[in-house]
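Below: the structure, in structure tokens.
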Amino acid sequence: MRQKIKSFADLDVYQNTYSASIIVLTRIIPKLPKCEAYDLADQLRRSVKSIPRLIAEGFAKRHQQRGFQKYLDDACGESNETIVSLSHAKDVYKIEPDLIDNLVDIYDKAARQLHRLSTVWQSFSIRKSKPKDDNESPFVTEKRQTNNNI
């Protein structure tokens, strides 16, 4: 049984992209040549940082269907951009090919998770009332039920 989502930090896609960003920032970017400091390194630095940030910011707007979806879509785009930048680092500069292949897999999975979450978000509704107690999640999703009599 899965836990209730109480925070953006509970989302697997957030945890995975945050962890991957730390690896990119500490193990890949420092190995890029100095000539890439203002191009590939800068772009890679910004894209890996933006993915978990967009997830966190979007989660704060989860009560707005379109608002949350926009942030998820943007994070998906940043994941794809990260894949291209990592591929450049591997193919052009031969930086840790096995590690980069693993990172590309993480970001590819993240892009698919983000797309899926964005797509299915419209089939859920957020409970608008406050939680009854501190142990109850403010992020409870329930499938929408339609009333054909209306």
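What you see below is based on every heavy atom in this structure, not just the backbone, and it leaves out hydrogens, waters and symmetry mates.
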### Query
Under the side-chain contact (heavy atoms from CB on, under 4.5 Å) criterion, do Leu114 and Ser79 qualify, and how do the steps go?
CA-CA 9 Å; Leu114 290 162; Ser79 291; 3.9 Å; yes
#### Entry: Phe59 side chain near Ile5 side chain, heavy-atom distance below 4.5 Å
yes
### Query
In Å, rounded to the nearest 0.5 Å, how long is the span from CG of Asp74 to CZ of Arg53?
14.5 Å
### Task
Quickly, which of Leu72, Ile55, Ile106 forms a side-chain contact (heavy atoms from CB on, under 4.5 Å) with Val13? Name it, please.
Ile55
### Message
Using the rule that Ile, Leu, Val, Met, Phe, Trp and Tyr join whenever any side-chain heavy atoms are under 4.5 Å apart, tell me whether Tyr93 and Val84 fall into a single cluster.
### Response
no
### Task
State, with a plain yes or no, whether a side-chain heavy atom of Gln69 is found less than 4.5 Å away from one of Ser118.
yes
### Task
For residues 102-112, pull every pair meeting side chain to side chain donor-acceptor pair (under 3.5 Å), keeping only residues two or more places apart or in separate chains.
Asp108-Arg112
### Query
At what distance, to the nearest 0.5 angstrom, does CD of Glu78 lie from OG1 of Thr17?
11.5 Å
### Query
Atom CG of Asp73 and atom CZ of Arg66: how far apart are they, to the nearest 0.5 Å?
10.0 Å
### Nearest non-hydrogen partners of Ala9 and Gln15, listed with the distance
O-NE2, 2.7 Å
### Task
Please indicate whether Tyr14 has more than 12 foreign heavy atoms, meaning atoms of other residues, nucleotides or ligands, lying under 6.0 Å from its OH.
yes
### Query
Rounded to the nearest 0.5 Å, what separation is found between the CZ atom of Phe68 and the CG atom of Leu117?
5.0 Å
### Message
As a test of understanding, state which of Ile28, Leu103, Asp101, Ile95 forms a side-chain contact (heavy atoms from CB on, under 4.5 Å) with Lys90.
### Response
Asp101
### Query
Below 4.5 Å, heavy atoms only, C-beta onward: do Lys49 and Leu25 meet side chain to side chain?
yes
### Summary
Distance col, row Lys34:NZ vs Glu36:CD, nearest 0.5 angstrom, shows 12.0 Å
### Task
State whether the number of non-hydrogen atoms from other residues, nucleotides or ligands found under 6.0 Å of Arg116 atom CZ is greater than 12.
no
### Query
Does some side-chain heavy atom of Ser87 sit less than 4.5 Å from a side-chain heavy atom of Ile100?
no
### Query
Linking Ile, Leu, Val, Met, Phe, Trp and Tyr by side-chain heavy atoms under 4.5 Å, what else ends up with Leu54?
Tyr71
### Query
How about Leu40 and Ser85: do any of their side-chain heavy atoms sit closer than 4.5 Å?
yes
## Note on the structure
Of all heavy-atom pairs linking Ser47 and Thr82, the shortest is OG-OG1, 2.8 Å
### Message
Given Ile29, which partner from the list Asp42, Leu44, Ile23 fulfils the side-chain contact (heavy atoms from CB on, under 4.5 Å) test?
### Response
Leu44
